[in-house]
Protein chains: 2
Amino acid sequence: MFSKSCEYGLRAIIFIAQQTSKNNKVSLNTISKEIDSPQAFTAKVLQQLTKNNLVKSIKGPYGGFIIEEEKMNTKLSEVIRVLDGDAIYTGCGLGLKQCDANSPCPLHHRFVEIRNDLRNMLESTSLQILANDLNGDLTILKR
Amino acid sequence: MFSKSCEYGLRAIIFIAQQTSKNNKVSLNTISKEIDSPQAFTAKVLQQLTKNNLVKSIKGPYGGFIIEEEKMNTKLSEVIRVLDGDAIYTGCGLGLKQCDANSPCPLHHRFVEIRNDLRNMLESTSLQILANDLNGDLTILKR
DNA sequence: AGATTAAAGGATCTTTTTATCCTTTTTTAA
DNA sequence: TTAAAAAAGGATAAAAAGATCCTTTAATCT
């Protein structure tokens, strides 16, 4: 479904969101341990999230990553768009370059329906919400 | 969503199904032209489908591929399972090795719902149905 | 100022996926 | 019974994704 980059990125940003909600700043080292991901690779992913302004990075001792207040409202759809592009929202299930209601692939109509559900779900799920679930021990990020 | 192998495989098998429904046998050459896919690569994919008995191959002059009567009822879910495995039905959206209702990742509950819809759709869509749509010019396999 | 800490960035390596090429096997028809 | 056609199979190549290593930059504390 999602690339490894995207999986790590989602886990990382959700973890940072949770920690931010508890007023903690977290280092790459901590992140990769807590979400069980390869550290150097996760660093690259975090760089992308930083460049795209979804997380804020702080260099030097006592540095790390946080999410700024207003960015806690970021939707998963946005994180995924940054890391995997929007093929998942727009691409044809059978890989046709052009495929739409006018000239649909055999799966098109069945597909758009499910994809819309997916998109709606991702567009209505914010980091804030997921951080709360995590804080309430309703979910886990590891294993 | 699906691998290239799977995309080509789905397009190919749907095309073969359509041709079979019109009593035509089709060669690899024709298939790769009609679905616009790399021929040698498509050959490998067709070999997998043949080994798994979803299509029947016939060697020699006037050879090619057909789908046997009873296999026209094959569901897309089965084709995908053969080519991509069942990660798409069972894997965790965030890539956790273990993720279920007991210890769910932050996306788990939202995800299973959509994935069930996807699975239901794929399990209820047969080659026969798609071949009919194609015959009625309701859909296309190229472009 | 100097030492230390942590992220950023560049280069490189590994694995997997995608793709091609060439030989072998099977079948058909002249 | 030989030539041709078409799928099967093996080997290899190219591209993309995943992962690691090392150097540079920025910030902090003593």
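Throughout, protein chains are lettered first and strands after them, A, B, ... in sequence-line order, and every chain is numbered starting at 1.
- The pair A/Asp36-A/Arg11 does not count as a salt bridge, with every side-chain nitrogen at least 4.0 angstrom from each carboxylate oxygen.
- A/Phe15 pairs by the ring pair (Phe, Tyr, Trp, His ring centres under 6.0 Å) definition with nothing, not counting sequence neighbours.
- Atom CD of B/Glu70 has more than 12 heavy atoms from other residues, nucleotides or ligands within 6.0 Å.
- Taking atom CG of A/Leu83 as the reference point, atom P of D/dG18 lies 11 Å away to the nearest angstrom.
- Nearest-nucleotide positions on DNA chain C for A/Asn29 and B/Pro38 put A/Asn29 closer to the 5' end.
- Taking only distance into account, the side chain of A/Lys44 meets the base of C/dG10 through a donor-acceptor pair shorter than 3.5 Å.
- Between the CG atom of B/Leu46 and the P atom of D/dA8 there is a distance of 8 Å, rounded to whole Å.
- Put simply, B/Tyr8 has a side-chain N or O that comes within less than 4.0 Å of OP1 or OP2 on C/dA19.
- One interatomic measurement links the two molecules: CZ of A/Phe2 to P of D/dG18, which rounds to 13 Å at whole-angstrom precision.
- For A/Gln47, taking side-chain heavy atoms from C-beta onward, the closest of the listed nucleotides D/dG18, C/dG9, C/dA6 is C/dG9.
- Within the nucleic acid shown, A/Ile58 comes within 4.0 Å of sugar-phosphate atoms alone, with no base atom in reach, counting heavy atoms only.
- Here the nucleotide nearest the side chain of B/Pro61, chosen from C/dT18, C/dA7, D/dA4, is D/dA4.
- Summarising the local packing, CD of A/Glu123 is surrounded by more than 12 heavy atoms from other residues, nucleotides or ligands at distances under 6.0 Å.
- Closest to the side chain of A/Ala40, from the set D/dT20, D/dA7, D/dT28, is D/dT20.
- Contact detail for B/Phe2 and B/Glu7: the closest heavy-atom pair is O-OE2, 3.8 Å.
- Note: CD1 (B/Ile66) to P (C/dT27) measures 14 Å, nearest angstrom.
- The A/Lys4 side chain lies nearest to D/dG18 when the options are D/dA8, C/dT18, D/dG18.
- Between the side chain of A/Lys59 and the base of D/dT25, at least one donor-acceptor pair of N or O atoms lies under 3.5 Å.
- Rounded to whole Å, atom P of C/dA8 lies 10 Å from atom CG of A/Leu49.
- Comparing D/dG18, C/dA29, C/dT20 against the side chain of A/Phe41 picks out D/dG18 as the nearest.
- Residue-level contact check: B/Lys51 touches the backbone only, with heavy atoms under 4.0 Å from sugar-phosphate atoms and none from bases.
- Counting to the nearest Å, the P atom of D/dA26 and the CZ atom of A/Phe65 are 16 Å from each other.
- At whole-Å resolution of the value, CD in B/Gln39 and C1' in C/dC22 are 14 Å apart.
- Within the structure, a side-chain polar atom (N or O) of A/Ser57 is placed less than 4.0 Å from OP1 or OP2 of C/dA8.
- Rounded to an integer number of Å, the gap from B/Tyr62 OH to D/dA7 C1' is 17 Å.
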